[in-house]
Visitor: 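One structure, pasted below without further comment.
Computed from a predicted model, the values in this text were never measured in an experiment.
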Amino acid sequence: MIIDTTKVQQAINSFSRSESLKEVYGLIWLLVSIFTPLSGIIIGVLVIVWLERQISAGVQQRIGPEYTGPLGILQALADGTKLLFKEDLLPSRGDMRLFSLGPSIAVISILVSYSVIPFGYHLVLADLSIGVFLWIAISSIAPIGLLMSGYGSNNKYSFLGGLRAAAQSISYEIPLTSCVLSISLRAIRLSNSSSTVDIVEAQSKYGFWGWNLWRQPIGFMVFLISSLAECERLPFDLPEAEEELVAGYQTEYSGIKFGLFYVASYLNLLVSSLFVTVLYLGGWNLAIPDIFIPELFRINEACGVFGTTIGIFITLAKAYLFLFIPITTRWTLPRMRMDQLLNLGWKFLLPISLGNLLLTTSFQLLSL
């Protein structure tokens with residue numbers, strides 16, 4: 001038996017080429033999967049910055065940005081570009097590692113939270129059974145970055161701002177978690193899971209009246225106040241109170257590191273609005289019960305690409321409509337004192353959220 005070595009070599013070469021092509025395609029698909037949601041998130045943050053400037057201008061009866069691009073839509077991009085090219089100053093006696101690592105931790109911890117947000121029917125990067133609790137765990141890392149930034153700056157005002165951020169996060173994380181746990185009880189009962197997809201599906205059966213906004217009104221109000229405190233929005237922006245701390249933990253920062261703190265703030269604001277949409281406003285589904293119009297306004301696997309696009313649009317529309325609340329609140333209410341902020345969290349919101357959790361648990365047990 002004579003073996004044709006030429007054919008064997010050709011077969012090996014063709015096999016290696018096919019394997020290399022598969023690797024290249026896999027790498028391209030991985031890059032597309034990473035940069036597509038990342039680009040969408042960045043665009044969403046730029047839209048929030050533009051919205052806040054326009055809404056604040058309307059509230060204060062003045063003219064907002066209107067020269068950089070049509071209606072000033074490129075103003076946020078111009079500000080980011082300016083910060084990117086500004087000089088990066090470092091404090092001579094600060095801890096350089098903590099000083100440089102703090103902004104990165106604040107941004108990355110919030111970016112990871114987007115992996116469990118469903119923008120459409122199973123259009124989610126990681127559909128985990130503990131998805132909503134993963135968000136709470138990851139969001140607790142961001143104040144650590146702020147505390148590192150304040151400590152690494154070797155500035156007493158910056159360090160005080162970092163301590164305030166940590167105290168504020170601890171105070172409002174517990175009521176926030178209690179509200180999320182109250183929402184998860186229903187999803188766990190129906191599907192034995194607390195994933196964000198199952199929470200949306202649990203609300204979709206009865207349309208508008210099936211939203212958790214009506215089933216958990218007390219939890220919704222506590223969640224709203226706690227999310228404002230988590231995002232450090234007025235009246236809860238004690239970590240960066242300009243009159244007291246000269247911008248707090250970011251006093252010594254400049255250039256792109258200074259800009260990263262604002263990126264983290266708006267990223268956190270957007271992710272909080274998206275979670276309000278998922279937990280309380282029915283997610284990607286419209287407010288029409290299935291019993292009246294079956295399978296037409298319910299976004300599911302039968303809707304294909306068109307249904308996925310509609311689901312994304314509905315989710316983002318609800319989130320951006322909800323954003324009007326924190327934006328207008330910033331220009332309406334005065335800043336609280338530190339003792340008032342802690343009293344509100346520990347003496348008011350915490351007992352109410354625990355009572356709401358106890359009441360929800362009692363109803364779940366009685367309905368078994």
Visitor: Does the Ser158 side chain pair with the main chain of Gly248, one donor and one acceptor, at a distance under 3.5 Å?
Guide: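 Confirmed, Ser158 side chain pairs with Gly248 backbone.
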Visitor: For residues Ile352 and Ile218, determine if any side-chain heavy atom of one lies less than 4.5 Å from a side-chain heavy atom of the other.
Guide: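 Yes - at least one pair of side-chain heavy atoms lies under 4.5 Å apart.
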Visitor: Just checking, is any N or O donor in the side chain of Thr360 or Gln216 under 3.5 Å from an acceptor N or O on the other one?
Guide: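 A pair is found: one side chain offers a donor N or O, the other an acceptor, under 3.5 Å apart.
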Visitor: Assess the residue pair Ser184 and Val132 against the criterion (side-chain contact (heavy atoms from CB on, under 4.5 Å)); give the C-alpha distance rounded to whole Å, side-chain angles, the decisive distance to 0.1 Å, and a yes or no.
Guide: CA-CA 8 Å; Ser184 301; Val132 68; 3.7 Å; yes
Visitor: Tell me whether Ser115 contacts the main-chain N or O of Leu125 through its side chain, where contact means a donor paired with an acceptor under 3.5 Å.
Guide: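 Such a contact is absent between Ser115 side chain and Leu125 backbone.
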Visitor: Identify whether Phe313 and Val278 are in the same connected component of the hydrophobic contact network (ILVMFWY, side-chain heavy atoms under 4.5 Å).
Guide: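 As far as the 4.5 Å side-chain criterion goes, Val278 and Phe313 are not connected within one cluster.
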Visitor: When you compare the side chains of Tyr266 and Glu52, does any donor N or O come within less than 3.5 Å of an acceptor on the partner?
Guide: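 Note: Tyr266 and Glu52 side chains meet the donor-acceptor criterion.
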Visitor: Does the side chain of Ile199 reach to within under 4.5 Å of the side chain of Ile183, using non-hydrogen atoms?
Guide: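 Counting from C-beta outward, Ile199 and Ile183 do come under 4.5 Å.
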Visitor: How long is the straight-line distance from CG of Leu323 back to CG of Leu316, given to the nearest 0.5 Å?
Guide: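 The CG atom of Leu323 is 10.5 Å from CG of Leu316, to the nearest 0.5 Å.
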Visitor: For the residue pair Val107 and Phe261, establish whether any side-chain heavy-atom pair is separated by less than 4.5 Å.
Guide: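 Counting from C-beta outward, Val107 and Phe261 never come under 4.5 Å.
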Visitor: Give a yes or no on whether the backbone of Leu71 and the side-chain of Glu66 come within a donor-acceptor separation of less than 3.5 Å.
Guide: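 No.
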Visitor: Are any of the side-chain heavy atoms of Met96 and Pro91 separated by less than 4.5 Å?
Guide: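 The answer is yes; the side chains approach within 4.5 Å.
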Visitor: Could you tell me whether the side chain of Leu228 reaches within less than 4.5 Å of the side chain of Pro326, counting heavy atoms only?
Guide: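 They are in side-chain contact.
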Visitor: Return yes if some donor-acceptor pair links the side-chain N/O of Asn212 with the main-chain N/O of Leu279 below 3.5 Å, else return no.
Guide: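 The answer is yes, because a donor-acceptor pair under 3.5 Å joins these two groups.
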Visitor: Under a 4.5 Å side-chain heavy-atom rule over Ile, Leu, Val, Met, Phe, Trp and Tyr, are Trp331 and Leu321 clustered together?
Guide: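 Per the 4.5 Å side-chain linkage, Trp331 and Leu321 are not co-clustered.
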Visitor: Looking at Leu349, Val180, Leu350, which hits side-chain contact (heavy atoms from CB on, under 4.5 Å) with Ser226?
Guide: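 Checked Leu349, Val180, Leu350 against Ser226; only one passes side-chain contact (heavy atoms from CB on, under 4.5 Å): Leu349.
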Visitor: Does any non-hydrogen side-chain atom of Ser195 lie less than 4.5 Å from one of Asp198?
Guide: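 Of all side-chain heavy-atom pairs linking Ser195 with Asp198, at least one is under 4.5 Å.
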Visitor: Dump the intermediate steps for side-chain contact (heavy atoms from CB on, under 4.5 Å) on Leu224 and Ile325, then the final yes or no.
Guide: CA-CA 9 Å; Leu224 173 60; Ile325 297 178; 4.1 Å; yes
Visitor: I'd like to know if Met336 and Phe348 are part of one continuous hydrophobic network [Ile/Leu/Val/Met/Phe/Trp/Tyr, side-chain heavy atoms within less than 4.5 Å].
Guide: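 In one cluster with Phe348: Met336, yes.
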Visitor: Ignoring hydrogens and angles, tell me if any N or O in the side chain of Thr196 forms a donor-acceptor pair with the backbone of Val116 under 3.5 Å.
Guide: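 Side chain of Thr196 to backbone of Val116: a pair is present.
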Visitor: Evaluate whether atom CZ of Arg93 has more than 12 neighbouring non-hydrogen atoms of other residues, nucleotides or ligands under 6.0 angstrom away.
Guide: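 Atom CZ in Arg93 is not packed in, count stays at 12 or less.
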Visitor: Taking a hydrophobic cluster as the set of Ile, Leu, Val, Met, Phe, Trp and Tyr residues connected by side-chain heavy atoms closer than 4.5 Å, whether directly or through intermediates, do Leu281 and Trp214 fall within one such cluster?
Guide: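 Same cluster.
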Visitor: For residues Tyr172 and Gly345, report the shortest heavy-atom separation together with the two atoms involved.
Guide: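 Nearest pair, atom of Tyr172 first, then Gly345: OH-N, 3.6 Å.
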Visitor: State whether a side-chain donor-acceptor pair under 3.5 Å links Thr68 with Gln75.
Guide: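 A pair is found: one side chain offers a donor N or O, the other an acceptor, under 3.5 Å apart.
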Visitor: Would you please say whether a donor-acceptor pair under 3.5 Å links the side chains of Ser100 and Lys257?
Guide: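 A pair is found: one side chain offers a donor N or O, the other an acceptor, under 3.5 Å apart.
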Visitor: Would you sort out whether Ile225 and Leu344 count as a side-chain contact (heavy atoms from CB on, under 4.5 Å), showing the intermediate values?
Guide: CA-CA 10 Å; Ile225 298 172; Leu344 178 66; 4.3 Å; yes
Visitor: I'd like to know if the side chain of Gln54 and the backbone of Pro65 have a donor-acceptor N/O pair within less than 3.5 Å.
Guide: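 Answer holds: yes.
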Visitor: At their closest point, which heavy atom of Ser113 faces which heavy atom of Ser109, and how far apart are they?
Guide: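 In terms of heavy atoms, the two residues are closest at OG-O, 3.3 Å.
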Visitor: Linking Ile, Leu, Val, Met, Phe, Trp and Tyr through side-chain heavy atoms less than 4.5 Å apart, which residues share a cluster with Phe159?
Guide: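 Members other than Phe159 - counting any ILVMFWY side chain reachable under 4.5 Å - are Leu98, Leu101, Ile105, Ile141, Ile144, Leu147, Met148, Tyr151, Leu163.
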Visitor: Side-chain contact, heavy-atom cut-off 4.5 Å: Pro103 with Ser149?
Guide: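 A side-chain contact exists here, since the closest heavy-atom pair is under 4.5 Å.
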Visitor: Just by distance, with hydrogens left out, do Thr315 and Trp284 show a side-chain donor and acceptor under 3.5 Å apart?
Guide: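 No - no donor-acceptor pair under 3.5 Å links their side chains.
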Visitor: Considering all heavy atoms of both residues, which atom of Glu173 and which atom of Ser140 are nearest to each other, and what is their separation?
Guide: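 Heavy atoms of Glu173 and Ser140 come nearest at CD-OG, 3.4 Å.
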Visitor: Over all heavy atoms of both residues, which pair between Ser139 and Pro143 is shortest? Give the atoms and the distance, please.
Guide: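 Closest heavy-atom pair between Ser139 and Pro143: O-CD, 3.5 Å.
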Visitor: Do Tyr320 side-chain atoms and Gly44 backbone N/O form a donor-acceptor pair below 3.5 Å?
Guide: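 Present.
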Visitor: If you measure from NZ on Lys82 to CG on Leu77, what distance do you get to the nearest 0.5 Å?
Guide: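 So the gap between those two atoms works out to 12.5 Å.
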Visitor: To the nearest 0.5 Å, how far apart are OG in Ser254 and CG in Leu89?
Guide: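 Ser254 atom OG to Leu89 atom CG measures 3.5 Å (nearest 0.5 Å).
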Visitor: Counting N and O atoms only, with roles assigned by atom type, does the side chain of Asn343 sit under 3.5 Å from a partner on the main chain of Asp339, one being a donor and the other an acceptor?
Guide: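 Pair found, side chain donor or acceptor close to backbone of Asp339.
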Visitor: Taking the six-membered ring for Trp, are Trp135 and Phe275 closer than 6.0 Å centroid to centroid?
Guide: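 Ring centres of Phe275 and Trp135 closer than 6.0 Å.
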Visitor: List the atom pairs, donor and acceptor, that lie under 3.5 Å between side-chain atoms in residues 267-274 and the rest of the protein, sequence neighbours left out.
Guide:
residue	atom	partner	partner atom	Å
Asn268	ND2	Glu230	O	3.3
Ser272	OG	Asn268	O	2.8
Ser273	OG	Leu269	O	3.1

Visitor: Do Leu51 and Leu234 sit in the same hydrophobic cluster, where Ile, Leu, Val, Met, Phe, Trp and Tyr count as joined when their side-chain heavy atoms come under 4.5 Å apart?
Guide: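 In one cluster: no.
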Visitor: In terms of relative ring orientation, are Phe220 and Phe322 parallel, tilted or perpendicular, with 30° and 60° separating the classes?
Guide: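 It falls in the perpendicular class, over 60°.
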Visitor: Kindly compute the distance separating OH (Tyr280) from CH2 (Trp211), expressed to the nearest 0.5 Å.
Guide: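 Tyr280 atom OH to Trp211 atom CH2 measures 14.5 Å (nearest 0.5 Å).
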Visitor: Just verifying a value: how many Å separate Thr329 OG1 and Phe236 CZ, rounded to the nearest 0.5 Å?
Guide: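 Rounded to the nearest 0.5 Å, the OG1-CZ separation comes to 9.0 Å.
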Visitor: Is there a donor-acceptor contact under 3.5 Å from the side chain of Ser169 to the main chain of Ala165?
Guide: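 Side chain of Ser169 to backbone of Ala165, a donor-acceptor pair under 3.5 Å: no, none is there.
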Visitor: For the atom pair CG (Leu46) and CD1 (Ile41), what is the distance rounded to the nearest 0.5 Å?
Guide: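 With rounding to 0.5 Å, CG (Leu46) is 12.0 Å from CD1 (Ile41).
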Visitor: Can you see which heavy atom on Ile314 is nearest to which on Gly283, and at what distance?
Guide: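 So the minimum-distance heavy-atom pair works out to CG2-O, 3.9 Å.
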Visitor: Considering all heavy atoms of both residues, which atom of Arg233 and which atom of Ile327 are nearest to each other, and what is their separation?
Guide: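 Nearest heavy atoms, Arg233 then Ile327: NH2-CA, 3.9 Å.
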Visitor: Are Phe99 and Tyr253 close enough that their ring centers fall under 6.0 Å?
Guide: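 Yes: the rings meet the under 6.0 Å criterion.
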Visitor: Kindly say whether Ala57 contributes a backbone atom to a donor-acceptor pair with the side chain of Gln61 at under 3.5 angstrom?
Guide: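 Not at all, since once roles are kept as given, no pair shorter than 3.5 Å links the two residues.
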Visitor: Should Leu181 and Phe133 be marked as a side-chain contact (heavy atoms from CB on, under 4.5 Å) after you check the CA-CA gap, both sets of side-chain angles, and the distance that decides it?
Guide: CA-CA 8 Å; Leu181 186 58; Phe133 294 108; 3.7 Å; yes
Visitor: Does a salt bridge link Arg164 with Asp237, judged by any charged N lying under 4.0 Å from a carboxylate O?
Guide: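 Judged by the 4.0 Å cut-off on N to carboxylate O distance, Arg164 and Asp237 do not form a salt bridge.
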Visitor: Assess the pair Tyr249 and Tyr157: is the distance between their ring centroids shorter than 6.0 Å?
Guide: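 Between Tyr157 and Tyr249, which both carry aromatic rings, the centre distance is not below 6.0 Å.
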Visitor: Answer whether the closest heavy-atom distance between the side chains of Leu342 and Met338 falls below 4.5 Å.
Guide: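 With C-beta onward as the side chain, the pair touches.
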